[in-house]
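Read the structure below first, then the notes.
In each ligand, atom 1 is the first atom listed, and ligand 1 is the first ligand listed. Heads up: numbering here begins at 1 and tracks the sequence.
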Amino acid sequence: MSTLPAVVRTVTELRAFISDQRNLGHSIGLVPTMGALHHGHLSLVDVISQHVDTPIVSIFVNPTQFGEGEDFSEYPRTEQADLEKLATTNTALVYAPSVEEMYPNGDVTTVTVDQITEMFEGTERPGHFAGVATVVSKLLLQCMPNVAIFGEKDFQQLAVIKRFVKDLHIPVNVIGGPIIREADGLAASSRNVYLNATERKTAGQLNVILKNMIKSVRDGEPIKQAENKTTQQLLDAGFSSVDYVSVVEPETLKPMEELAMPARLVAVARIGKVRLLDNMPIE
Ligand code: PAF
């Protein structure tokens, strides 16, 4: 068995490690995660390893990005299994701070991002993006990596992060990692473990139905009509509800009525309490 990566839990230890790496002339990469790692996360480590000498993975289940009634307390915490998975990658260090380390008593600063957060996940999960932007700002400033990578599955999150990094002049290159899919097309997600066998089968239909929508839109079907049709198809396939199906401009996330390139299809459908996100480029 490969050796587990070293774990540090404080900003001081993280910075000492990074300072040693910098003295060796090594570039630093950061892969922020909330743990419960799956092959999607491991692929982010592989991608960032092509860009930097020293990939660091952070594991922190961030309380401020969960709303009331969301799954913060039940969110899977599987550190030992995560470390074993990371041992198979190039991970140089795991940073796994406590809530007190990340949010010391008296901490009153929040990073909020306007416009791009005012639709989709921002409407479905009020306060979510302020929590994400705040914790990612902290992680970036604690680590000061050359490159940070985020999965394209959370496409709006990636767009929000790119935007505040640009607006705040944080000197890091933010890159997206491609969505990793199961054999039936379902996007890998830590929340897929909540699905029972029947629900898991239905979940695979999301990607199939969205791919059909892209084909229809490319063949000239009006966007609004295609969105409505797709929503109905998802409900017929057994999804409990559909939060949104929308064709958007990829940087601003503004919904499109007429197809223009570049464009991205973003969607969320629910099975019971589980929200399944997916998105894909319209090329
Ligand atoms: O995508 C996630 O896992 C989280 O939102 C992130 C970026 C690690 C911030 O907590």
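You'll find the ring centres of Y75 and F66 inside the 6.0 Å limit.
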May I have a table of the N/O to N/O pairs between ligand 1 and the protein that fall below 3.5 Å, each row giving the two atom names and the distance to 0.1 Å?
unit_1   : atom_1 : unit_2 : atom_2 : d
ligand 1 : 1 (O)  : Q157   : NE2    : 2.8
ligand 1 : 5 (O)  : Q65    : NE2    : 2.9
ligand 1 : 5 (O)  : Q157   : OE1    : 2.7
ligand 1 : 10 (O) : Q65    : OE1    : 2.6

Using residues 103-116 as the side-chain source, report each donor-acceptor pair under 3.5 Å to any protein atom, sequence neighbours left out, with the distance given to one decimal.
unit_1 : atom_1 : unit_2 : atom_2 : d
Y103   : OH     : N62    : OD1    : 2.7
Y103   : OH     : T64    : OG1    : 2.8
D107   : OD2    : K138   : NZ     : 2.6

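For the residue pair P250 and P262, the shortest heavy atom distance occurs at CD-O, 3.2 Å.
Every residue two or more places apart in sequence or in another chain that forms a side-chain contact (heavy atoms from CB on, under 4.5 Å) with A6 is listed here: L93. For A237, the side-chain contact (heavy atoms from CB on, under 4.5 Å) partners are Q205, I209, F239, not counting sequence neighbours.
Using a 4.0 Å cut-off between charged nitrogen and carboxylate oxygen, D243 and R275 count as a salt-bridge pair.
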